[in-house]
Amino acid sequence: MNVYVGSANPGFAPYAMEELRRRIRGTKLSGLAPGETFTFTSGDQDDESLLKDLRRKEPIFLRHLFPVEAENEVTGDREEMAARMKAYAATLGDRMKGSKVAIQVRKEQNSPFPFTSAEGRDELVPVVTELGGDAVAREADWIISVYASKKKLLMGCSLPRDNLSDWPGGAVRFRRDEGLISRAAFKLLEAERSFGIQLDRFSNALDLGAAPGGWTSVLLERGLKVTAVDPAEMDPSLELHPNLRHIRRNAADVSFAPGTFDLLVCDMSWDPHHTCRLVSELAPAITAGGSGIITLKLMYRKPLQSIDELVEDYSYYFDVRKVKQLFHNREEVTIWVKRK
Ligand SMILES: C[S@@+](CC[C@H](N)C(=O)[O-])C[C@H]1O[C@@H](n2cnc3c(N)ncnc32)[C@H](O)[C@@H]1O
């Protein structure tokens with residue numbers, strides 16, 4: 001039985017823990033950073049089948065995990081902490097030889113751990129190199145994870161796919177371009193990457209609740225024609241774009257010919273059940289096999305129950321492919337559906 005460190009978006013660890021409790025018989029859970037990180041055990045399940053199962057059907061709120069292979073007490077002593085990390089890394093010989101290795105060091109707020117992420121990494125690079133590994137930032141064969149809580153130094157090494165995300169703690173970072181219209185654009189970029197959707201494969205998109213146009217601008221950049229529906233104004237930089245048609249209306253008051261679009265995206269700040277009804281009414285305008293990427297606001301007290309209900313409602317017109325709280329989602333999750 002292994003112990004794992006799990007991470008979720010701030011405030012959502014209780015839901016990530018609840019999901020794991022439902023899925024892993026006999027798991028033992030324990031909080032680390034309140035609301036964000038925790039440990040869990042593989043319970044009655046063998047580790048390989050647990051990881052396979054988590055990959056096959058990704059939990060909604062668990063963003064990242066890594067196995068704990070070494071555990072020490074945390075102190076503020078630089079030499080001691082460096083020695084602990086190096087002693088662990090030195091045990092990884094067979095995994096390091098000839099491999100690209102990412103080193104991800106994180107610490108909880110108020111942890112006495114004396115290194116920043118970059119400093120912690122720098123301590124370990126010589127060990128990895130000596131063992132015949134190549135320390136890289138991305139696209140690694142192995143990831144060494146170090147997590148310092150207030151009390152514990154937890155370390156492990158795993159394949160990127162077994163962490164659910166190859167970003168430290170699942171915190172996906174995009175470069176903030178000068179011309180970015182809204183931070184909301186990151187949500188669509190992250191959905192594209194996490195769900196493995198190639199947006200440039202679509203040609204005609206319907207964007208509901210599109211203003212000021214972050215998602216629309218991503219779709220236009222990918223070469224799609226976009227029909228944006230929102231009573232609010234779009235960013236002036238988009239208004240004259242030849243591939244954009246802006247309909248300044250409530251999404252409840254529009255209709256389109258059957259099969260007009262092969263992609264629907266929707267990021268309306270609205271009750272998720274209303275949004276679902278509205279999207280369902282517009283479903284005939286989406287071609288069979290077309291995709292939908294929709295954010296579901298979590299405004300009710302029991303998010304897991306709300307999500308179950310919404311998945312059932314979306315299933316009438318759509319196959320639900322993924323539901324995930326992305327790193328860039330705040331009080332919401334993102335759902336990817338395909339038109340039946
Ligand atoms: C979070 S913003 C969308 C941000 C956008 N995805 C972006 O990337 O810039 C939500 C938008 O939904 C719009 N909205 C809310 N209810 C709507 C409705 N019933 N019909 C159309 N738009 C709506 C609001 O006017 C607002 O502009």
Side-chain angles (χ1 to χ4, degrees), residues 9 172-195 197 199-200 202 204-241 243-256 260-261 263-286 290-300 303 306 310 313-314 317 322-337:
N9 282 2
V172 182
R173 305 282 176 194
F174 294 105
R175 243 186 313 131
R176 209 192 149 96
D177 288 335
E178 290 294 311
L180 195 77
I181 288 169
S182 69
R183 281 188 56 80
F186 291 145
K187 289 192 269 185
L188 187 58
L189 291 172
E190 192 183 344
E192 179 184 34
R193 185 183 291 197
S194 304
F195 300 160
I197 304 173
L199 290 174
D200 58 6
F202 299 98
N204 267 304
L206 174 62
D207 186 350
L208 302 175
W215 288 32
T216 290
S217 67
V218 171
L219 298 172
L220 291 170
E221 266 168 36
R222 299 283 188 278
L224 280 75
K225 291 201 168 100
V226 182
T227 299
V229 179
D230 200 310
E233 275 182 30
M234 297 292 274
D235 190 88
S237 66
L238 295 178
E239 281 292 3
L240 294 175
H241 197 292
N243 287 340
L244 173 65
R245 173 181 172 214
H246 179 198
I247 304 177
R248 288 194 70 164
R249 280 206 229 145
N250 188 310
D253 302 330
V254 292
S255 63
F256 302 95
T260 307
F261 305 103
L263 176 68
L264 176 149
V265 298
C266 176
D267 182 33
M268 286 192 322
S269 32
W270 220 22
D271 180 296
H273 295 283
H274 288 305
T275 302
C276 178
R277 248 170 271 142
L278 214 145
V279 168
S280 299
E281 271 164 31
L282 290 168
I286 315 298
S291 274
I293 302 168
I294 303 150
T295 48
L296 310 178
K297 306 288 161 196
L298 300 176
M299 48 205 295
Y300 296 103
S306 297
L310 287 160
D313 292 348
Y314 274 102
Y317 288 105
K322 282 266 167 107
V323 186
K324 186 83 198 169
Q325 185 167 58
L326 303 171
F327 175 66
H328 289 95
N329 283 140
R330 293 290 170 252
E331 303 291 310
E332 62 191 12
V333 295
T334 301
I335 185 171
W336 171 32
V337 296

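First listed ligand is number 1; within each ligand, the first listed atom is number 1.
Distances from ligand 1 to the non-hydrogen atoms of Asp230 include at least one value under 4.0 Å. Distances shorter than 4.0 angstrom do not occur between any heavy atom of Ala252 and any atom of ligand 1. Under a 4.0 Å heavy-atom criterion, Leu208 is not in contact with ligand 1.
Residue-ligand proximity, Ala184 to ligand 1, at heavy-atom distances under 4.0 Å covers atoms 7 (C), 8 (O). Below 4.0 Å from some heavy atom of Pro231 lie the following atoms of ligand 1, by number and element: 21 (C), 22 (N). Residue Asp267 approaches ligand 1 through these ligand atoms, each under 4.0 Å from one of its heavy atoms: 1 (C), 2 (S), 3 (C), 4 (C), 5 (C), 6 (N), 10 (C). Each of the atoms 7 (C), 9 (O) of ligand 1 lies under 4.0 Å from some heavy atom of Gly213.
Judged purely by atom type and a 3.5 angstrom limit, Glu190 uses its side chain to pair as donor or acceptor with the backbone of His328. A donor-acceptor pair is defined here as one N or O able to donate and one able to accept, closer than 3.5 Å; such a pair exists between the side chain of Ser217 and the backbone of Gly214. No donor-acceptor pair closer than 3.5 Å links the side chain of Thr260 to the backbone N or O of Phe256. Between the side chain of Gln325 and the main chain of Arg330, a donor-acceptor pair closer than 3.5 Å is present. Checked by atom type and distance alone, the side chain of Asn243 never pairs as donor or acceptor with a backbone atom of Gly223 at under 3.5 Å.
Protein heavy atom in closest approach to atom 19 (N) of ligand 1: Asn250 OD1, 3.0 Å. Taking atom 16 (N) of ligand 1 as the reference point, the nearest protein heavy-atom neighbour is Met268 SD, 4.0 Å. Among protein heavy atoms, the minimum distance from atom 12 (O) of ligand 1 is reached at Gly209 CA, 3.5 Å. Among protein heavy atoms, the minimum distance from atom 20 (N) of ligand 1 is reached at Ala251 N, 2.8 Å. Of all protein heavy atoms, the one closest to atom 7 (C) of ligand 1 is Gly214 N, 3.3 Å. The protein heavy-atom contact nearest to atom 4 (C) of ligand 1 is Ala211 O, 3.2 Å.
For the atom pair CG (Leu238) and CD (Glu233), the distance works out to 12.0 Å, reported to the nearest 0.5 Å. Between Thr216 atom OG1 and Ile181 atom CD1 the span is 8.0 Å, to the nearest 0.5 Å.
At a 4.0 Å heavy-atom cut-off, ligand 1 touches Ser182 through the side chain alone.
An N or O contact shorter than 3.5 Å is missing between Ala185 and ligand 1 by distance. Considering backbone and side-chain atoms together, Leu278 places no N or O closer than 3.5 Å to any N or O of ligand 1. Not one N or O of Arg249 is nearer than 3.5 Å to an N or O of ligand 1, by distance alone.
The pair Arg248-Asp230 does not count as a salt bridge, with every side-chain nitrogen at least 4.0 angstrom from each carboxylate oxygen.
Legend: salt bridge (Lys or Arg N to Asp or Glu O under 4.0 Å) pairs involving residues 204-227, not counting sequence neighbours, sorted by first then second residue: Glu192-Arg222.
For His241, there are no side-chain hydrogen bond (donor to acceptor under 3.5 Å, both in side chains) partners two or more places apart in sequence or in a different chain.
Between Glu281 and Leu278 the shortest side-chain heavy-atom distance does not fall below 4.5 Å.
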